[in-house]
Amino acid sequence: MPELPEVETIVRQLRTKVKGKTIVSAEIFDMGVVDPNIKAILPVKILDVLRRGKSIIFYLNDGKFILTHLRMTGHFYYVNILPNEEYRKFMVGKFDFSDGTFLTHNSIRKFGSMRLVDKDRLKQELDKLGVEPLGAGFTLNRFNEILGKKARSNIKTVLLDQSQIAGIGNIYAQEALYFAGINPCRKAGEIQFEEVKKLHLEVVRILTAAVKQKGSTVDNYSNIDGAGNYQKYLVVYNKQFCPKKHPLEKINLGGRGTSFCSVCQR
DNA sequence: ACCAACCCCTGGAAGC
DNA sequence: TGCTTCCAGGGGTTGG
């Protein structure tokens with residue numbers, strides 16, 4: 001499932017592949033995922049591709065934007081032939097460029113979205129998102145303020161709250177909490193300042209390292225050019241034992257599976 | 001105002 | 001073996 005490092009990787013690849021290209025035609029196979037209004041504005045040129053949180057934003061030359069979210073199973077493929085039946089099966093949209101290449105959006109669970117929005121709507125949507133964890137705004141003080149504001153929620157749910165911090169998903173939240181030695185069930189307000197410091201550091205360190213490795217490939221995530229490498233460094237997500245060989249606990253927190261080590265995380 | 005629960009969807013694993 | 005049930009999860013929505 002693409003989180004910040006995976007989405008950042010995809011955006012960088014999209015920028016090298018489709019920036020400056022003109023979409024001349026499109027086929028939409030699932031209107032629940034891909035906004036059919038996109039067809040009405042063609043041909044349109046992609047001026048740039050940017051990321052905000054886990055969202056991908058295509059900047060178009062007509063002043064509009066395609067606001068995209070891949071959710072868990074969304075993929076982009078940039079190709080010049082349609083590979084096979086299995087590939088077509090989950091294709092929700094296909095965008096043809098003037099040079100004969102095309103971009104497809106494939107999604108097994110069809111939870112994602114590509115919506116055509118104007119400038120005001122884009123701003124309105126992006127304003128709902130919290131601070132970028134790899135941006136200059138994510139200072140220790142800012143993080144501490146967020147935890148104070150969400151004092152009664154458990155710490156893991158706060159890390160996943162996109163309106164507070166935009167980009168952390170279930171994998172990296174669990175990893176950061178392990179490395180910071182913090183039990184995911186603890187209330188945000190009860191975390192001591194020294195621990196907040198540690199967690200802040202780990203969030204930034206892990207996300208930065210994961211971006212460098214082009215994200216993690218677990219289940220069916222892949223970036224445009226293939227798999228990421230950060231899964232090699234994951235220590236609790238989907239694991240049975242922590243690095244110190246303690247058996248991990250598996251609980252449900254905020255509707256999400258959560259693995260943690262009751263020995264290493266207090 | 002805030003938080004928990006539910007829902008969308010499908011494949012794969014687990015259970016009977 | 002083959003069916004049914006359950007689980008995975010981001011975020012929007014609903015209900016308490």
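Residue numbers start from 1 in every chain, and the chains themselves are labelled A, B, ... in the order their sequence lines are given, proteins ahead of strands.
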_Whole-Å distance separating the CG atom of Asn238(A) from the C1' atom of dC7(C)_ = 12 Å

_Looking at Tyr237(A), I'd like to know whether one of its side-chain N or O atoms comes within less than 4.0 Å of OP1 or OP2 on dG9(C)._
yes

*In whole angstroms, how far is the P atom of dA4(B) from the CD1 atom of Ile251(A)?*
13 Å

_dG10(C) pyrimidine/purine six-ring stacking with Phe111(A), under 5.5 Å and 30°_ = yes

_Just the rounded figure in Å: distance from C1' of dG9(C) to CG of Leu160(A)._
10 Å

*Over how many whole Å does the gap from Leu253(A) atom CG to dG9(C) atom P extend?*
12 Å

*Cut-off 3.5 Å, side chains only: do Lys149(A) and Gln164(A) have a donor facing an acceptor?*
yes

_Does a side-chain N or O of His69(A) approach OP1 or OP2 of dG11(C) to a distance below 4.0 Å, or not?_
yes

_In whole Å, I'd like the distance from the CG atom of Leu70(A) to the P atom of dC9(B)._
18 Å

*asked:* Let's see if you can work this out: which of dC3(B), dG11(B), dG10(C) has an atom nearest to the side-chain heavy atoms of Lys150(A)?
replied: dC3(B)

*asked:* When you measure only distances, ignoring hydrogens and angles, does the side chain of Arg109(A) come within 3.5 Å of the base of dG9(C) through a donor and an acceptor?
replied: yes

_Nucleotide dG11(C), atom P - distance to CD1 of Ile165(A) in whole Å_ = 13 Å

_Does Ser153(A) reach a base, just sugar-phosphate, or nothing at all? Heavy atoms under 4.0 Å._
sugar-phosphate

*Classify the side chain of Arg256(A) and the base of dG10(C) as holding, or not holding, a donor-acceptor pair under 3.5 Å.*
yes

_Interatomic distance where CG belongs to Leu67(A) and P belongs to dG11(C) [whole Å]_ = 12 Å

*Minimum-distance nucleotide to Phe90(A) side chain [options: dG9(C), dG12(C), dT10(B)]*: dT10(B)

_For atom NZ of Lys110(A) and atom C1' of dG11(C), their distance in whole Å_ = 19 Å

*Met72(A) side chain: which of dG9(C), dG11(B), dG11(C) is closest?*
dG9(C)

*Does OP1 or OP2 of dG11(B) have a side-chain N or O of Lys89(A) closer than 4.0 Å?*
yes

*At under 4.0 Å between heavy atoms, what does Lys149(A) touch on the DNA or RNA strands: base, sugar-phosphate, or nothing?*
nothing

*In terms of heavy-atom contacts, does NZ of Lys45(A) have more than 12 from other residues, nucleotides or ligands at under 6.0 Å?*
no

*Using a distance-only test with no angle check, is there a side-chain donor-acceptor pair under 3.5 angstrom linking Thr139(A) and Asn141(A)?*
no

*Does the side chain of Tyr178(A) come under 3.5 Å of the side chain of Ser259(A) through a donor N or O and an acceptor N or O?*
no

*Shortest side-chain distance from Gln162(A), nucleotide among dG9(C), dG11(C), dC2(B)*: dG11(C)

*So, Lys156(A) and Asn170(A): side-chain donor and acceptor under 3.5 Å apart, yes or no?*
yes

